[in-house]
2 protein chains.
Amino acid sequence: MTKIVEPEAGPRSKRAAILAAAVDCFGEAGFEATKWSTVAERVGIGQTALYHYFESKTHCLLTIMRLELQRSHDRFAEATKDTADPVEALRAAVRAAYDVSPHEVLQMRILQNHMDLLSGSRRSAREEAERVAARQLVQVVERDWTNLLVRGMAQGAFPLRDAQLLGASVLGLIVSVWRWYRPSGPTPLAEISELIEGACVRMVAS
Amino acid sequence: MTKIVEPEAGPRSKRAAILAAAVDCFGEAGFEATKWSTVAERVGIGQTALYHYFESKTHCLLTIMRLELQRSHDRFAEATKDTADPVEALRAAVRAAYDVSPHEVLQMRILQNHMDLLSGSRRSAREEAERVAARQLVQVVERDWTNLLVRGMAQGAFPLRDAQLLGASVLGLIVSVWRWYRPSGPTPLAEISELIEGACVRMVAS
DNA sequence: AACCTGAATTGAACTTAACTCAGGTTGATC
DNA sequence: GATCAACCTGAGTTAAGTTCAATTCAGGTT
C-alpha cells in the first residue's frame, strides 16, 4: 500500500493546468484522439515541456484516473460517514456519486473508458506506480460498496446475497452512466440520480 | 439504415482468421497494446497483407464491434421471441446475454472497452461506415431492452417508470460485467448470470 | 549589483508502429 | 495454358510520442 506523494506545486508549476487541460481534451475527444501536443498548446507551452511534469501521455492519463478514484472514495466516505441506517446510507452514497461538476463528469468518463489500462503492467517506474495506486483504489472503492452491503445484510436490512458480486454490480450500474451521459444531453443528471437510486435500493433491499 | 454487406469469403480469404486472431489479441492484451503486425504473424501472413482485408487496425476493431453488436441483438431476439410473460422474457434475455463462449467474452470485452470510438466520426469511408452501422446497432439493442420494459409496463407486470432510462440502466448493469469478468477468475459465469438475473427483475418489477 | 542554483522550457533529433506503394504470386475459370 | 482477380510482399513514408543537450528564468546568496 504505497501511497503516491503528490509533487508539491512550485509557484510557477503548470502541473495543475496541464491536468485540467488534459481532462478537457481526453474527456471531450478521447485519449487516443487527442494529440499530446494539443494539450501543450492549450496550456501555452511547448510539447516537450510536458515531460517535465509527466513521463508520458499515459502517465498523465493514469494520474487523472488515480485522482478521480481518490475523489470517488473520499466522497463515498463523506456521504455515508454518519448515516447508520443501511438503506439511507446506500441512498446517500448513490446521490453523492452523481453530485458532480461538469469537469468531474469528464474525469469519470475518462476513468471508465480506460479501466482496462489498470490490468497489464507498465514499462516505466512512475507509470507503474500510478497504475498500482489506481488499482488499489479501485479495490478500495469496491470494498466501500461491498462493506455497505455486508453491514446492511448483517443488520437484516438487506436479504443475504453474495455481497462481493452484488457490490460490484451496484457499482457497475452506477458508473455505467458515465459512458453515455452528456451534460448537454436531454436527460438531467438529477433525474438519472433519482432513477438509479431507486434501482439500487430495489436491487439490494428487495 | 445502411446495412453493411459482408464481403463474401473467397476460398482462400483469411478475413475470418484475421478477425479471430484480432479478437484474441485485442481481448487479451488490449487494442492499443497489441501491434497490428502481431496479428499478421499469428495468422501467418505479412503485415501488409492485412490491408487487403481491412483499411486500418481501427477498421478491424470497428468490424469486430459491429459483428458483436449484431450477435447480441440476434441472441436477444432469439431468446425472447416466443415468451409472452414480460418477467420471463426479461429473465430469458439476461440468461441469453451470459450464455456465451470464451471467444464471445473477449468480443464483449473489446466492445465495451471501445464504445467511445462510436462517438466521434472517422476519416476514411469504410471506417465511418462501420462506425455508423455499429452506432445504429447500439440503438437497436437499447431499443430491444426498452421495448421489453415498455411491454411489461403496458401489461402491468412492471411499475411505470422511464423505460428509456431504465432500459439503458439494465443494459449497463448487464454489460458492466464484461469489464472485470475473466473465465479464469474465481466467479463462474453461471453464478454471475443468476445474480444479475435476479437483480434485473427486482430493479424492473418491484 | 554580481552571482548561483534548480525549476522550467525549448528545438532538433530519434523511435516506433501504422500505413502506402509498386509490383509479384497464386489459383480458379475459360 | 492464357487470363484475371484475389491475394501477398519488401521497401519506403509518415505521424506522433519521446529523448536530449542546451537555454531561460525566478528567487536567494554574497
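Nothing here was measured: the structure is a model prediction, and the numbers come from that model. Throughout, a chain's letter reflects where its sequence line sits, starting with A, and its residues are numbered from 1.
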Any donor-acceptor pair under 3.5 Å joining the side chain of A:Thr48 to the base of C:dG11? yes
Quick check with a 6.0 Å cut-off and a 45 degree axis cone: is A:Lys57 positioned over the face of A:Phe31's six-membered ring? yes
Closest to the A:Ile45 side chain: D:dG17, C:dA18, C:dT9? C:dT9
Taking D:dT18, D:dT9, C:dT9 as options, the one with an atom nearest any side-chain atom of A:Tyr53 is C:dT9
A:Lys35 vs B:Ala49, nearer the 5' end of DNA chain D by closest nucleotide: B:Ala49
Please give me the minimum heavy-atom distance between A:Glu55 and A:Arg126, naming the atom from each residue. OE1-CB, 3.0 Å
Separation of [X] atom [atom1] from [N] atom [atom2], in whole Å?
X: A:Ile18; N: C:dT9; atom1: CD1; atom2: C1'; value: 11 Å
X: B:Glu32; N: D:dA15; atom1: CD; atom2: P; value: 19 Å
X: A:Gln47; N: C:dC14; atom1: CD; atom2: C1'; value: 13 Å
X: B:Leu50; N: D:dG10; atom1: CG; atom2: P; value: 13 Å
X: A:Trp36; N: C:dT9; atom1: CH2; atom2: P; value: 13 Å
X: A:Arg123; N: D:dG17; atom1: CZ; atom2: C1'; value: 14 Å
X: A:Glu41; N: D:dA16; atom1: CD; atom2: P; value: 12 Å
X: A:Lys14; N: D:dA26; atom1: NZ; atom2: C1'; value: 13 Å

Where the side chain of A:Arg202 meets the backbone of B:Met203, is there a donor-acceptor pair that is under 3.5 Å apart? yes
Taking the side chain from B:Ser193 and the backbone from B:Leu189, do they hold a donor-acceptor pair closer than 3.5 Å? no
Counting C-beta onward and ignoring hydrogens, is there a side-chain heavy-atom pair between A:Val100 and A:Trp178 closer than 4.5 Å? yes
Could you check whether B:Tyr51 gets within reach of a base, just the sugar-phosphate, or nothing at all, counting any heavy atom under 4.0 Å? base
Students often get this wrong, so: under 4.0 angstrom with heavy atoms, is B:Thr34 touching a base, only sugar-phosphate, or nothing? sugar-phosphate
Give each protein N/O atom lying under 3.5 Å from an N/O atom of nucleotides 27-30 of chain C, with the pair distance.
none

State whether the number of non-hydrogen atoms from other residues, nucleotides or ligands found under 6.0 Å of A:Gln164 atom CD is greater than 12. no
Who pairs with D:dT30 - Watson-Crick or G-U, where each distance is under 3.5 Å: C:dA1
Would you say the side-chain atoms of B:Ser56 and B:Glu127 include a donor-acceptor pair closer than 3.5 Å? yes
side-chain N/O A:His52 vs C:dA8 OP1/OP2, d < 4.0 Å: yes
